[in-house]
There are 2 protein chains.
Amino acid sequence: MNSLDDNDGSVTADDVAAAAGVSRWTVARAFKKDASISRKSRERVIAAAEALGYAPDLLASGLASDRSGLVAIITNDFNNPHKLVLLERLTRILWAKGWATLLMHMSDSDDASAALLAASQRRVDAAVLIGTRFNDAVLNTALGARRVKKLVIFARYSQNPGTLTIACDDVIAMRDIADHLLEKGYRRPVFLAGPDTQSAKLHRKSTFTAYWQERTGTPVPTLHADAYDSGASIARVTRFLAGQSPDRRPDVMVCENDIIAIGAIDAMRCHLGLRVPQDIAVTGFDDIPLAASPAYLLTTYRQPITAMTEKLLEVLEGKVTHDVHLPGRLVLRATT
Amino acid sequence: MNSLDDNDGSVTADDVAAAAGVSRWTVARAFKKDASISRKSRERVIAAAEALGYAPDLLASGLASDRSGLVAIITNDFNNPHKLVLLERLTRILWAKGWATLLMHMSDSDDASAALLAASQRRVDAAVLIGTRFNDAVLNTALGARRVKKLVIFARYSQNPGTLTIACDDVIAMRDIADHLLEKGYRRPVFLAGPDTQSAKLHRKSTFTAYWQERTGTPVPTLHADAYDSGASIARVTRFLAGQSPDRRPDVMVCENDIIAIGAIDAMRCHLGLRVPQDIAVTGFDDIPLAASPAYLLTTYRQPITAMTEKLLEVLEGKVTHDVHLPGRLVLRATT
DNA sequence: ATTATAGTTGCACGCGCGTGCAAGACGCGG
DNA sequence: CCGCGTCTTGCACGCGCGTGCAACTATAAT
């Protein structure tokens, strides 16, 4: 094995420069999009780089330029399949634009600070929070000591100053759902939400109940599951409906998201012997893959994840510096 | 705001050194576990670091030491909820030991090379492949040009040389499943696997069919879904069972993983009017959360993900350099 | 041919920290 | 008091690349 072959990944710009007969900086320019470099040298550099198998070291590049090209994705909710959809979209679209994603788990017990600190130690250009249960108050203290350049709350509401929100427009969404239910003739909804213990605003709940009251003059009872997973939802719904006489029963259960809606349906069918939608209708939110399965055919609301991710790109590039709320789409299936 | 307050994340070891009245290298030693440093200086440094809000820059550290502390997790399968379980476990356990995880999407069309190249540009210490559908042949060429220090195939079989496999022991697993089915009196199984188009070895399928033939003397018919998702599974199972007379019907469908098993159940119940397990039993693999829901109660096989992840840690630390196969556990529920 | 202009190239310095070595400080027995 | 071993500390150099500026070359206009 001669010395030209054993490029064990340690081919630097200097090597390419030597091979192409130019300086190291010309090599860098050849890889930069609109740098001032002649076509001839660029071609020569590219050819040499290809021959040597050179690829810029993004770690060194990040250190020198103070732009790591890294985005931390922080979540505390791995129970919801919707997170998988978010992760897929985020990593794929960000990667296509040259961003790498650092996936971080933020445990419930300790606050977001630990995750944000770890992210800052990697010099991330931005941190994206896609958890559902982080506490706004705690987040504030984390922000106080923050070193992360940009902090984006993704697919969730937050009025936190110093934070950017990119989310589906819950107001439009919940109105669409309410309008649909009213049109279908439903009159006694119950809203099933996630945990009530955090300071996190339960935006969908308040929006729906306010709008329903505005249109019908009647208030909407609400339930809270202990967690954002189907098990907690099953338990709560079973407890709520068990022994309730059919005439006092709600005619539709509006759920804060799909995984909770799925749990509600499971409770109704498997534990209470109720039919969906004949006995009770159900709506969800997110449009996770399971919602489309023939076993559920859940009427739900699809968030515009791709559009949201593209907005995130603009935030990363500094083109957008304000909150973004995008409309989604009501997906009608068989549970209403 | 005085100059002590505006430490906008740019507190370096030099600042701490000045504040503590020592040299920068003593600061570094204070943060290193068993470095030769006196208790007194360490305490002084730690105090100064805390006061200034100092945290080592892992990017610079990685550049200097050639150990980035980064692990790339590469997958091409975001349709299977099991991936979410894997991601949760991997990120959480690796992070607890100081490793950060880079999540990368490896599209089906282009090979693994692009992802591995991107990973190497970030100087990852290892790349972990948790996809289900990557092509072994293509992987070989990617390995040829590789710069990634370690490549681990996680939760999947691969005989690729130069690669380390950490997986559940499929041989034990499929035998356990077969033994269980035989004991329950099932005699006409069908094996439902994922796509057959790649060169990837369908290890569970061959192991099950071989063992079943060995024990009963009868071969096992096999089916292949077009993809590892429930939609493809539903389509394949519906096509297979439609119009089949009850006496020629298999009495149990053994599935390569849970998401395919769920699809099979959906097809049987929703499209064919069959009952599970009365008309056909079903087994899965992975024990995804959905398998435990009352709507399915799927008998399945749980991979020892935590133990596998801990083995991965040992691989990262260089303690383990050979393939690892760990036994899982059969989880009996209501579909058999 | 001369000068202005744009286009192109090279370079010193720095990003923050690790490594290996050499120098200094300290304690102990002789 | 000296000499020795051990513990502790400081430092030169490098990791690979970006930035801003200065120098240089080619092209066009005078």
Side-chain angles (χ1 to χ4, degrees), chain A residues 7-46 48-49 52-70 98 120-125 147 149, chain B residues 7-46 48-49 52-70 98 120-125 147 149:
Chain A
N7 41 349
D8 55 333
S10 59
V11 188
T12 75
D14 279 312
D15 301 332
V16 179
V22 297
S23 73
R24 179 168 70 72
W25 297 272
T26 301
V27 173
R29 272 187 266 266
F31 282 87
K32 204 168 170 180
K33 212 169 126 230
D34 22 43
S36 82
I37 184 178
S38 68
R39 203 165 48 82
K40 208 172 62 182
S41 347
R42 170 166 273 155
E43 280 167 4
R44 191 139 33 120
V45 168
I46 297 292
L52 292 173
Y54 168 75
D57 183 326
L58 266 27
L59 224 157
S61 160
L63 181 60
S65 70
D66 203 35
R67 276 178 285 101
S68 62
L70 281 178
S120 76
Q121 288 191 264
R122 302 268 172 197
R123 289 192 171 220
V124 297
D125 291 326
R147 292 176 190 71
K149 300 173 199 164
Chain B
N7 42 349
D8 55 333
S10 59
V11 188
T12 74
D14 279 312
D15 302 332
V16 179
V22 296
S23 73
R24 180 168 70 72
W25 298 271
T26 303
V27 174
R29 272 186 269 265
F31 282 88
K32 204 168 171 180
K33 211 168 128 229
D34 22 42
S36 83
I37 184 176
S38 68
R39 203 165 49 80
K40 209 172 61 182
S41 346
R42 170 166 274 156
E43 280 167 5
R44 190 136 36 116
V45 168
I46 297 291
L52 292 173
Y54 168 76
D57 183 327
L58 266 28
L59 221 155
S61 160
L63 182 60
S65 70
D66 204 34
R67 278 178 282 102
S68 62
L70 281 177
S120 76
Q121 288 191 263
R122 302 267 172 196
R123 289 191 170 221
V124 298
D125 291 327
R147 292 174 190 72
K149 300 171 197 165

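When rounded to the nearest whole Å, the span between CG of A/Asp66 and P of C/dG16 equals 8 Å. Taking atom CG of B/Leu59 as the reference point, atom P of D/dC17 lies 14 Å away to the nearest angstrom. In this structure, CZ of A/Phe31 is placed 10 Å from P of D/dG18, rounded to the nearest angstrom. Separating the CZ atom of A/Arg44 from the P atom of C/dT8 is a distance of 14 Å, rounded to the nearest angstrom. Between A/Arg122 atom CZ and C/dG16 atom C1' the separation is 14 Å, expressed in whole Å. Distance A/Asp57 CG to D/dG14 P: 18 Å, rounded to the nearest Å. Rounded to an integer number of Å, the gap from CG of A/Asp14 to C1' of D/dG14 is 12 Å. As rounded to whole Å, 14 Å separates atom C1' of C/dG20 from atom CZ of B/Arg24.
Note on A/Arg123: a side-chain N or O is less than 4.0 Å away from OP1 or OP2 of C/dG16. Side-chain nitrogen and oxygen atoms of B/Thr26 include at least one within less than 4.0 Å of the OP1 or OP2 phosphate oxygen of D/dG10. OP1 or OP2 of C/dG18 sits under 4.0 Å from a side-chain N or O of B/Ser61. Contact check, A/Ser65 against C/dC15: no side-chain N or O comes under 4.0 Å of OP1 or OP2. Between A/Arg67 and D/dT19 there is a side-chain N or O to OP1 or OP2 distance below 4.0 Å. In this structure, A/Lys40 does not reach the C/dG7 phosphate: none of its side-chain N or O atoms is under 4.0 Å from OP1 or OP2.
Checking side-chain atoms of A/Arg44 against main-chain N and O of A/Ala20 turns up a donor-acceptor pair under 3.5 Å. Here the side chain of A/Arg29 pairs no donor or acceptor atom with the backbone of A/Arg42 at under 3.5 angstrom.
When the nearest nucleotides of DNA chain D are assigned to B/Arg42 and A/Ala55 by heavy-atom distance, the more 5′-ward of the two goes with B/Arg42. Across the interface with DNA chain D, nearest-nucleotide mapping of B/Leu63 and B/Ser41 shows B/Ser41 to be the residue nearer the 5′ end. If B/Arg29 and B/Leu58 are placed on DNA chain C by their nearest nucleotide, the residue sitting closer to the 5' end is B/Leu58.
Residues B/Val45 and B/Val16 meet the side-chain proximity criterion, which asks for heavy atoms closer than 4.5 Å. At a threshold of 4.5 Å between non-hydrogen side-chain atoms, the residues B/Leu70 and B/Arg123 do not count as touching.
When distances run from any side-chain atom of B/Thr12 to the nucleotides C/dG18, C/dC17, D/dC17, the shortest one goes to C/dC17.
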Q.
Working note: A/Asp125 + A/Lys149, criterion salt bridge (Lys or Arg N to Asp or Glu O under 4.0 Å); need CA distance, chi angles, decisive distance, verdict.
A. CA-CA 6 Å; A/Asp125 291 326; A/Lys149 300 173 199 164; 2.8 Å; yes
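In the interface, the side chain of A/Trp25 is paired with the base of D/dT19 through a donor and an acceptor atom under 3.5 Å apart.
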